[in-house]
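Down below is the structure, laid out as structure tokens.
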Amino acid sequence: MSVPGHAIARAARVLAEGGLVAMPTETVYGLAADALNPEAVAKIFALKGRPADHPLIVHVAPEARLAEWAAEIPEGAHRLVAAFWPGPLTLVLAKTARVPAIVTGGQDTVGLRCPSHPVALALLREFAQVGSGAIAAPSANRFGHVSPTTARHVHDEFGAGLLVLDGGACEVGLESTIVDYSRGEAVLLRPGAVTREAIARVIGAAPRERDAGAPRASGTLAAHYAPRTPLVLAETAALAAKIGESMGAGMRVAVLARRSACVSGTAGWREAPPDAPGFAHDLYANLRALDANNADLIVVEMPPAGPAWEAVRDRLSRAAAGAGDDET
Ligand code: TXA
Ligand code: MG
């Protein structure tokens, strides 16, 4: 889906004047503000209901000079940029003095990402002409909710008062991979479409697991990315039994599985694609649709093991931990 030039120009003007707009990226829709304008960034936290100590990702165009935002860029980080930007990878690096404290939640590091969605790129380039060119943008959902992957989802979260650039359904459908390179070595903070294998091939070693010293990241809380309806995961072999048992207990049950309905009488059944990219692409739209069934329980067939499914498994286990709890 293309967005006309005048709409991009208007959105860039809103950003330059300190306002918010929603922009499509290849991962999820973002709630965008001028990263160098603390009052504008404060509006993001207010609208999302997000705690002030949860840092935002700063989005930049491919032409941006990374050294303006990152004080130290290890060799491995340079390689990841060369391999995966523009694309679904965020790097956490030591920040420069330009990056306002409100953007980083008071931390001395900044998350940087160059998205590949053509509308995001057009907006970043236009905003580089009329403003700072740096866009702070968390996912365009209320804190703890499922991320939006269509313009309609953003509208459902925030209503008609917010300018939304409609770039169609997001290609990836899950938030970017986050790699912390602020302490010399690569640490995987959040799995995503750029897999740990792909990262290892580029930097020559597998990224480390996050530990107690890793920077805080709200998308890494156990309870996050949750629908309102309680959600449980069931192994494929136990799926029909879990559904039957819950319905037998008087519950209205909605289901997400990699096959068509195999139990009758459910309150909703979404058939997910059998491959990891397809499953990820549809996941948040499926969770939103199942949430709208007003069921008592969402049962999700456990995705397969294996590296390609890591990001999907990560989001589903967080959704299971946080479902039914808006205050994560
Ligand atoms: O794909 C994405 O990353 C989307 C699109 C819009 O770019 N954005 C996104 O933003 O998912 P958000 O705010 O929903 O999640 C960003 C994650 C949060 O978990 C945040 O804590 C973490 O990135 N993060 C940002 N800056 C950080 C930093 N300096 N150190 C550690 N984590 C950081
Ligand atoms: Mg988010």
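All ligand and atom numbering here is 1-based and tracks the order in the structure.
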Euclidean distance, S2 OG relative to L165 CG, rounded to 0.5 Å:
11.5 Å
Any nitrogen or oxygen of T25 lying under 3.5 Å from a nitrogen or oxygen in ligand 1? Just yes or no.
no
Side-chain donor-acceptor pair under 3.5 Å between E271 and S260, yes or no?
no
N/O to N/O below 3.5 Å, does that happen between Y29 and ligand 1?
no
Do S176 and T27 meet the criterion of a side-chain donor-acceptor pair at a distance under 3.5 Å?
no
For V110, the ligand 1 atoms with a heavy-atom partner under 4.0 Å come out as 29 (N)
At less than 4.0 angstrom from any non-hydrogen atom of G111, what atoms of ligand 1 do you find?
26 (N), 29 (N)
Output all residues satisfying salt bridge (charged side-chain N to carboxylate O under 4.0 Å, His left out) with K242, sequence neighbours left out; order by chain, then residue number.
E245
Quick one: does T104 get within less than 4.0 Å of ligand 1, heavy atoms only?
no
Say whether K48, considering both its backbone and side-chain N or O atoms, lies within less than 3.5 Å of an N or O atom on ligand 1.
no
R190: numbered ligand 1 atoms lying under 4.0 Å from its heavy atoms:
2 (C), 3 (O), 9 (C), 11 (O), 15 (O), 16 (C), 17 (C)
Assess whether side-chain contact (heavy atoms from CB on, under 4.5 Å) is satisfied between L124 and H59, documenting all intermediate values.
CA-CA 8 Å; L124 282 163; H59 300 71; 4.2 Å; yes
Going by distance alone, is a donor N or O of one side chain under 3.5 Å from an acceptor N or O of the other, for S147 and E175?
yes
Centre of W85's six-membered ring, under 6.0 Å away, within 45 degrees of the axis: is that where NZ or CZ of R113 sits?
no
Could you tell me whether R79 and E75 have a side-chain N and a carboxylate O separated by less than 4.0 Å?
yes
Look at ligand 1 and say whether M23 reaches it with a heavy atom at a distance under 4.0 Å.
no
Value for CG (L121) from CD (E63), rounded to nearest 0.5 Å, stands at 8.0 Å
Numbered atoms and elements of ligand 1 in range of T27, under 4.0 angstrom, heavy atoms:
1 (O), 2 (C), 4 (C), 5 (C)
For ligand 1, does T109 get within less than 4.0 Å through its side chain, its backbone, both, or neither, judged by non-hydrogen atoms?
both
Are any of the N or O atoms of E175 closer than 3.5 Å to those of ligand 1?
no
For residues 286-298, pull every pair meeting salt bridge (Lys or Arg N to Asp or Glu O under 4.0 Å), keeping only residues two or more places apart or in separate chains.
E157-R288
Of the listed options S139, S176, G106, closest to atom 14 (O) of ligand 1 (non-hydrogen atoms):
S139
Over 60° means perpendicular and under 30° means parallel, so classify the ring planes of H54 and F143, tilted if in between.
tilted
Ligand 1 to V92, heavy atom cutoff 4.0 Å, flagged ligand atoms 28 (C), 29 (N), 30 (N), 31 (C)
Looking at ligand 1, would H54 count as a contact under a 4.0 Å heavy-atom criterion?
no
Evaluating non-hydrogen atoms only, which member of V103, V187, I178 is closest to atom 23 (O) of ligand 1?
I178
Under 4.0 Å, heavy-atom basis, I'd like to know which part of R50 is in contact with ligand 1: side chain, backbone, both or neither.
side chain
Look at the N, O or S atoms of S139, main chain and side chain alike, and state whether any lies under 2.8 Å from the Mg ion (ligand 2).
yes
So which bit of K95 gets within less than 4.0 Å of ligand 1, heavy atoms only: side chain, backbone, both or neither?
neither
Does any donor atom in the side chain of T177 or R196 lie under 3.5 Å from an acceptor atom in the other side chain?
no
Sub-4.0 Å atoms of ligand 1 with respect to non-hydrogen atoms of L56
25 (C), 26 (N)
